[in-house]
Amino acid sequence: GAACAASVEGGTLRARKVSLRGGAQALRVSGGTVEIDRGELRGGRAGLLLLRGKASLQRSVVRGPAREAAVSVAGGELTLEDVVLALPGPMGLAVSGGRVRGAALTVGGAAAGATSGCVEVTGGEVELVASELLRCGASGASAASPGARLRLRGVEVEGGLSGCIALLDGARAELDGVRCSGHGPGITAAGGAIAEVRASQWHVDPTFVVECESGARIRLGAGEAGREPCAPRASK
């Protein structure tokens, strides 16, 4: 229809092998609990919009292009397990609040020439495990704001025009076992942003770009080689 294929404001919706298509959103959740297994979602503005409540997608596909994002989260809790965001449009996963947990998530690229990327966090928390961010438009994953938290574990990131990971304005990130390829830099940190990095691979040049004077830092842990950015050089 012109609005949503399904709109949930309370209660519980469970669906299996369901196709949802809407002019605005395929699925809009502003309360209650939604569990979808083996679904296909397609919306004009977003495949899924989560405002409040809890939502879970398993073994599902969100197809684009959508005008805003394949999945947009402003609050609540979202779980994505074995989900593909296929050709999502300007943005794959856009999070401004709430919490998102993803395992085996694949974001299949932003629209050609798009200035946004695969994952954007402007508030809330995002944790991705064993996932792929491929053919991203600008950055593979970005976080910007003091309340933004990004955790990547075992994630393949293909950097776009702005590289693999961009951290701005006090954002925090934990990166374990990330593999970055495509366009560099691997990590851009500015505006006091902090990244904790362990056991990752950086197949880009430059690897790190850090605005040290702002207080931004990239802290290297186990499995990382090289000198830590912004660390004082030893005097001879």
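Remember, predicted model here, so these are calculated numbers, not experimental data. Numbering of residues begins at 1 and proceeds along the displayed sequence.
Shortest non-hydrogen contact noted between Ser131 and Gly102 is OG-O, 4.1 Å. The two atoms that bring Gly192 and Ser214 nearest to each other are N-OG, 3.1 Å, heavy atoms only. When every heavy atom of Met91 is checked against every heavy atom of Gly117, the shortest pair comes out as SD-O, 2.9 Å. When all heavy atoms of Ala6 and Leu13 are compared, the pair lying nearest together is CB-CD2, 4.5 Å. Nearest approach of Ala5 to Arg21, heavy atoms of both residues: CB-O, 3.2 Å. Ser60 and Gln58 get closest at one heavy-atom pair: OG-O, 2.7 Å.
Side-chain contact check for Ser56 and Glu35: no donor-acceptor pair (N or O, by modelled atom type) lies under 3.5 Å.
Using a distance-only test at 3.5 Å, with no hydrogens or angles considered, a donor-acceptor pair links the side chain of Glu228 to the main chain of Leu220. Arg67 contributes no side-chain N or O that, together with a main-chain N or O of Ala46, makes up a donor-acceptor pair within less than 3.5 Å. Side chain of Thr33 to backbone of Thr12: no donor-acceptor contact under 3.5 angstrom is found. Side-chain N or O atoms of Thr188 include none that pairs as donor or acceptor with a backbone N or O of Ala166 at under 3.5 Å. Using a distance-only test at 3.5 Å, with no hydrogens or angles considered, a donor-acceptor pair links the side chain of Arg172 to the main chain of Gly170. Side chain of Glu156 to backbone of Leu134: no donor-acceptor contact under 3.5 angstrom is found. With Arg135 contributing its side chain and Gly108 its backbone, the two residues share a donor-acceptor pair below 3.5 Å.
Between Leu50 and Val100, every side-chain heavy-atom pair lies at or beyond the 4.5 Å cut-off.
With values rounded to the nearest 0.5 angstrom, Glu120 atom CD is found 12.0 Å from Cys136 atom SG. A distance of 5.0 Å separates CD1 of Ile36 from CG of Leu27, quoted to the nearest 0.5 Å. If you take CD on Glu68 and CD on Gln25, they are separated by 7.5 Å, rounding to the nearest 0.5 Å. Taking CG from Leu150 and CG from Leu167, the interatomic distance works out to 7.0 Å, rounded to the nearest 0.5 Å. Once rounded to the nearest 0.5 Å, the distance linking CG of Asp37 with NZ of Lys17 reads 9.0 Å.
Residues Leu168 and Ile218 fall into different hydrophobic clusters, defined by Ile, Leu, Val, Met, Phe, Trp and Tyr side chains chained together at heavy-atom separations under 4.5 Å. If you chain together hydrophobic residues whose side chains sit under 4.5 Å apart, Val18 and Leu57 fall into the same group. Cluster annotation: Val119 is not connected to Val204 through the hydrophobic network of ILVMFWY side chains, with a link wherever side-chain heavy atoms come within less than 4.5 Å. Val178 and Val210 fall within a single hydrophobic cluster, where Ile, Leu, Val, Met, Phe, Trp and Tyr are joined by side-chain heavy atoms under 4.5 Å apart, directly or via other members. Residues Leu20 and Val71 share a hydrophobic cluster, clusters being chains of Ile/Leu/Val/Met/Phe/Trp/Tyr side chains in contact below 4.5 Å.
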- Message: Run Ile187 and Leu175 through side-chain contact (heavy atoms from CB on, under 4.5 Å) and show every step you take.
- Response: CA-CA 10 Å; Ile187 302 177; Leu175 310 174; 3.5 Å; yes

- Task: May I have the step-by-step check of side-chain contact (heavy atoms from CB on, under 4.5 Å) for Arg153 and Arg151, ending in yes or no?
- Result: CA-CA 7 Å; Arg153 294 191 289 125; Arg151 298 183 182 91; 5.7 Å; no

- Query: Between Glu158 and Cys164, does a side-chain contact (heavy atoms from CB on, under 4.5 Å) hold up when you go through it step by step?
  - Reply: CA-CA 6 Å; Glu158 189 176 66; Cys164 287; over 6 Å; no

- Task: Kindly determine whether Leu152 and Ile165 satisfy side-chain contact (heavy atoms from CB on, under 4.5 Å), including the steps that lead there.
- Result: CA-CA 10 Å; Leu152 303 180; Ile165 298 168; 4.0 Å; yes

- Please report the C-alpha distance between Ser19 and Glu40 in whole Å, then the side-chain angles of each, then the deciding distance to 0.1 Å, and finally whether the side chain to side chain donor-acceptor pair (under 3.5 Å) criterion is met. CA-CA 5 Å; Ser19 177; Glu40 180 175 326; 5.0 Å; no

- Step by step, would you call Glu77 with Arg99 a salt bridge (Lys or Arg N to Asp or Glu O under 4.0 Å)? CA-CA 5 Å; Glu77 297 182 14; Arg99 292 188 293 177; 2.6 Å; yes

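Counting only residues at least two apart or in different chains, salt bridge (charged side-chain N to carboxylate O under 4.0 Å, His left out) contacts with residues 189-212 comprise Asp176-Arg198, Glu196-Arg219.
Atom CZ of Arg101 has more than 12 heavy atoms from other residues, nucleotides or ligands within 6.0 Å.
Of the residues Val73, Val95, Leu78, the one that meets the side-chain contact (heavy atoms from CB on, under 4.5 Å) test with Val126 is Val95.
Taking Ile, Leu, Val, Met, Phe, Trp and Tyr as hydrophobic and joining them when side-chain heavy atoms fall under 4.5 Å apart, one finds Leu51 in a cluster with Leu49.
At a threshold of 4.0 Å, the pair Arg149-Glu127 does not count as salt-bridged, since none of the basic side-chain nitrogens sits closer than that to a carboxylate oxygen.
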